[in-house]
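The structure under discussion appears below in the form of structure tokens.
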Amino acid sequence: MIRRKIILAIILGTSVALTACGSGATTETQVSTTQESTTEATDAEDTAAEANTDADSAEETSEIVTNLSKIDNTKWQYNEEDNVYYQLGIQYCENPADTEYEELAIIVPAAYMDATDNGDGTYTCTLNTTAEVNGYTAETAPIVFPVNTPGYSAQSPMTEYSSASEYTDAGYIYVHAGCRGRDAGAPAGVTDLKAAIRYIRYNEGNIAGDMDSIFTFGMSGGGAQSALLGVTGDSELYDDYLEAIGAVMGVSDSVLGSMGWCPITSLDSADEAYEWMMGTTRSGLTDEEQSISDGLTVAYAEYINSLGLTDSEGNALTLEESEDGRYQAGSYYEYMVSVIEESLNNFLADTTFPYDSDSSSQGHQAGMGPDGGNGGPGGGRPDGEKPSGEIDFTAIDDISRTENNSGVSISGTFETAQDYIDALNANGTWVTYDEATNTATITSIADFAEAVKTASKGIAAFDQLDESQGENTLFGYGDGEGAHFDSMLMSVLSELGSSYVADFEEDLSQEDELGHTVDYRLNMYSPLYYLLSSSEGYGTSNVAKYFRINTGLWQSDTAVNTEANLVLALQNYGSEVDYSFVWGQEHTTAERDGDSTTNFIEWVNACVAAEAE
């Protein structure tokens, strides 16, 4: 990732201002602030540096323009229980498209502030740069942004104080930004979150927090949008949308790190990936539906073979046609088998038998809080309680699913590893276990899917033919109605002579209010567009240096290969990726051990420490 050092000077000639890495620092001017800046590329050792030269050239100049005031330091409130100062209802863009959502809250450890009581419940605060919390100061504290948008839903702003003590006790600055949801149409959600990041950066020196240490985190659709914030930093594709809502311009919206649990992303190829991995688990299909499933599988093979993905040793990953015609062969297929086997073997290594599967599994969980907007993994709920693995959070994302009947049932206590393997093989042997090495292998991806990862969405899982899926609404045109977006699916339907083609052609040619068609907006929401050298988007954004991607391997909301492709693309690009495909877990904040909040905090600390070395 290229870090940017922007040296600002006030055009009016009264003073020279601050220097910051990765962001635009600002002056105390609060109205019509226009500044010149000089950027230079640093971190030449970073593998991704060459890819970003167009996005961040050494002598590039830009100007910061906004009519927004900075955060008013006379309006802080105090929460004694958590020992924090906070502000709510801060507008982060000049021309909000929806005032119900586009505002943020900020919560700061009290140690970072010297406060004077105003006598009316508010405090005037100045920065204390010497006090420490967990080894951080007001100048070095990481800033974390929760993205709790299951199903790409809206994230409601924090309208009353909600504890984020796990993060503030860790010394972090917690910024909760409301954002529009899928009813507003892509790219509204990510645009809003980018605007919030820009506004926080605009306040550098005015508030606590290291603007070079911004981390986003989310689950499901929130995990996807967190990943997008990590991949699309400063992408010019967003400029029109940011300008339309009056975001601070000339300030970076890149981040240092991105955490995503079960990210439902790469929607440009998600239909095809789903059929390639899970299409064989469908039953009762009509001839037309089977033809669509087969066609999507072939389209996926063509797509994979065009990407130029490589493994850690630089070997090309491609698919070859198998006897069943579903391209279950080739180096990419073998790589995906290895991903599944590694997950199973990690489980065997991590697990002490006897193993109680009912108490150990996190179950089926789609969000990070039942309010659907306030909070983060393991916390942030208005009632202060943590979510239980017993709750089915898929109920809050409004994504269409069918009943998911896996081929095997894993329940109860297993005395030995062999007992557990026997349960996996209840309907036929597909796992072979070696007790001497405590490792296992699988017979095929199709057998794996049939046993524990059956399809739970209809044909064209994300761009459904009747335009009823949540992602159809996401790529609609801001009226809450669905629209088609998958051009590969349209090609399959065209080859079959389907009557749906006309609907696809109409939707794919329609323009939004800013004059952009859905293919443009789809690129904005497709991480691989920015990450792979085979794509025209390569090198046009400032990609985060650190990513953490965890997923429940058994989830049926998306295909394992979609998430594996994201990991591979990030590794190919040069980002540092901590990832885990967690055996036995589904659509949840999946972790091999421990809890998601603690593990996220430890990861952020490790990333910050690595930057300091």
Side-chain angles (χ1 to χ4, degrees), residues 14-15 17-18 25-33 66-94 96 99-134 136-146 156-178 196 198-211 248 371 373-376 379-384:
T14 58
S15 64
L18 309 165
T26 65
T27 72
E28 294 302 319
T29 305
Q30 294 184 347
V31 179
S32 297
T33 305
T66 187
N67 289 313
L68 290 168
S69 297
K70 294 183 181 180
I71 291 172
D72 187 343
N73 283 314
T74 69
K75 296 185 180 299
W76 291 95
Q77 299 181 70
Y78 179 66
N79 181 273
E80 183 176 7
E81 181 178 357
D82 293 339
N83 194 26
V84 296
Y85 290 99
Y86 67 94
Q87 288 196 39
L88 311 176
I90 300 170
Q91 184 176 314
Y92 59 72
C93 55
E94 291 181 44
T99 55
E100 183 179 350
Y101 293 105
E102 290 161 312
E103 61 183 37
L104 61 79
I106 180 171
I107 306 176
V108 180
Y112 298 156
M113 303 282 219
D114 290 328
T116 301
D117 192 340
N118 296 329
D120 60 359
T122 65
Y123 296 81
T124 296
C125 295
T126 57
L127 295 182
N128 180 328
T129 59
T130 59
E132 293 188 1
V133 179
N134 196 36
Y136 295 114
T137 69
E139 295 176 325
T140 63
I143 302 170
V144 294
F145 276 76
S156 298
M158 192 182 291
T159 56
E160 60 183 32
Y161 177 76
S162 180
S163 178
S165 59
E166 297 98 330
Y167 307 102
T168 53
D169 287 350
Y172 299 172
I173 312 302
Y174 185 86
V175 179
H176 184 283
R198 289 178 175 223
Y199 180 76
I200 289 297
R201 259 207 184 98
Y202 170 60
N203 277 272
E204 181 168 22
N206 184 54
I207 60 172
D210 181 359
M211 302 303 166
V248 180
D371 61 315
N374 291 328
R381 288 176 49 176
D383 58 11

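Only this structure's heavy atoms are used, side chains among them; waters, hydrogens and symmetry mates stay out. As the structure is a prediction and not an experimental result, all values here were calculated from the model.
For the pair Y92 (side chain) and G178 (backbone), a donor-acceptor distance under 3.5 Å is present. Of the possible donor and acceptor atoms, one in the side chain of Y202 sits under 3.5 Å from a partner among the backbone N and O of L68. Using modelled atom types, no side-chain atom of D82 and backbone atom of V84 make a donor-acceptor pair closer than 3.5 Å. Between the side chain of E139 and the main chain of T129, no donor-acceptor pair closer than 3.5 Å is present.
Relative ring orientation between Y78 and Y123 is described as perpendicular, the plane-to-plane angle rising above 60° on a 0-90° scale split at 30° and 60°.
Residues meeting the side-chain hydrogen bond (donor to acceptor under 3.5 Å, both in side chains) test with Y199, sequence neighbours left out: none.
To the nearest 0.5 Å, the span separating OH on Y174 from OG on S163 amounts to 9.0 Å. I173 CD1 to F145 CZ: the interatomic distance, rounded to the nearest 0.5 Å, is 11.0 Å.
The two residues P142 and G171 have their closest heavy-atom pair at CD-O, 4.4 Å. The shortest heavy-atom contact between E102 and C93 is CB-SG, 4.0 Å. A141 approaches Y136 most closely through the heavy-atom pair CA-CB, 4.0 Å. In plain terms, the two heavy atoms of I143 and M211 that are nearest each other are CD1-SD, 3.7 Å. The two residues H176 and P146 make their nearest non-hydrogen contact at CD2-CG, 4.0 Å. Nearest heavy-atom pair, A105 versus L88, reported as atom, atom and distance to 0.1 Å: CB-CD2, 3.6 Å.
Evaluated for a side-chain hydrogen bond (donor to acceptor under 3.5 Å, both in side chains) with T124, the options D117, D72, N118 yield exactly one hit, N118. The one candidate from L127, I71, I200 that meets the side chain to side chain contact (heavy atoms under 4.5 Å, CB included) condition with N206 is I71. Between I107 and the options N79, T168, V175, a side chain to side chain contact (heavy atoms under 4.5 Å, CB included) holds for only T168.
At least one side-chain heavy atom of K75 sits less than 4.5 Å from a side-chain heavy atom of Q87. Between V133 and Y112 there is a side-chain heavy-atom pair separated by less than 4.5 Å. The side-chain heavy atoms of N128 and T130, taken from C-beta on, include a pair separated by under 4.5 Å. Contact check for E94 versus N67: side-chain heavy atoms found under the 4.5 Å cut-off. For the pair I106/I207, a side-chain contact is recorded, criterion being any heavy-atom separation below 4.5 Å from C-beta on.
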Is there a side-chain contact (heavy atoms from CB on, under 4.5 Å) between T126 and M113 once you walk through the steps? CA-CA 6 Å; T126 57; M113 303 282 219; over 6 Å; no
